[in-house]
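Structure record follows, encoded as C-alpha cells.
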Amino acid sequence: MQQLTSTSRILVVEDDESTRRPKKDCLQLLGEIRGNPHSKHIPFVLMSDAMDEVLERKAYCIGADACVMKSSELLPFTKAIRRAFAAHP
C-alpha cells in the first residue's frame, strides 16, 4: 500500500460479496488494513446483505469502524460513514 498523507480522506467500504473472490475475504482485507501502520487510520465500513452477529462481532474485533446491512435505504449507510469518520478524525 502506498503511504498516505495525513490530510488524505479515504473511506474503505467493503461489501461482503467479496467473500466470493477466491483470494481474500472482507475480514482478511480489514486485518491487512488495520495491521499496516500506513493504512490503519483509514475508516472502514463493512456492508453486508446478510449481516449476522458473528460477522459483525468479528469485524468489530478486527477493527471495523461500522457495520451496516446492505439496503436501499440511505440513512443507515450514512450513519455508518459518519461513525467511521468520527473514529478517525
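FYI, the numbering just counts along the sequence from 1.
- At least one side-chain heavy atom of Met51 sits less than 4.5 Å from a side-chain heavy atom of Leu46.
- The distance from the CD1 atom of Ile62 to the CD atom of Gln28 is 9.0 Å, given to the nearest 0.5 Å.
- When all heavy atoms are compared, the tightest approach of Pro43 to His88 is CA-CD2, 3.8 Å.
- In this structure, the side chains of Cys67 and Glu56 come closer than 4.5 Å at one or more pairs of heavy atoms.
- Atom CG of Leu27 is separated from atom CD of Glu32 by 11.5 Å, given to the nearest 0.5 angstrom.
- Residues Val68 and Ile81 are not in side-chain contact: their nearest non-hydrogen atoms beyond the backbone lie 4.5 Å or more apart.
- No side-chain heavy atom of Leu29 sits under 4.5 Å from any side-chain heavy atom of Cys26.
- Scanning all heavy atoms of the two residues, the minimum distance from Leu30 to Ala64 falls at CD2-N, 3.6 Å.
- Separating the NZ atom in Lys79 from the CG atom in Leu74 is a distance of 11.5 Å, to the nearest 0.5 Å.
- Taken together through direct or relayed side-chain contacts under 4.5 Å among Ile, Leu, Val, Met, Phe, Trp and Tyr, Met47 and Leu75 form parts of separate hydrophobic clusters.
- Partners of Arg34 under the side-chain hydrogen bond (donor to acceptor under 3.5 Å, both in side chains) rule, at least two apart in sequence or in another chain, are Asp65.
- Ser39 contributes a side-chain N or O that, together with a main-chain N or O of Ile33, makes up a donor-acceptor pair within less than 3.5 Å.
- Within the structure, no pair that satisfies the salt bridge (Lys or Arg N to Asp or Glu O under 4.0 Å) test touches residues 36-45, not counting sequence neighbours.
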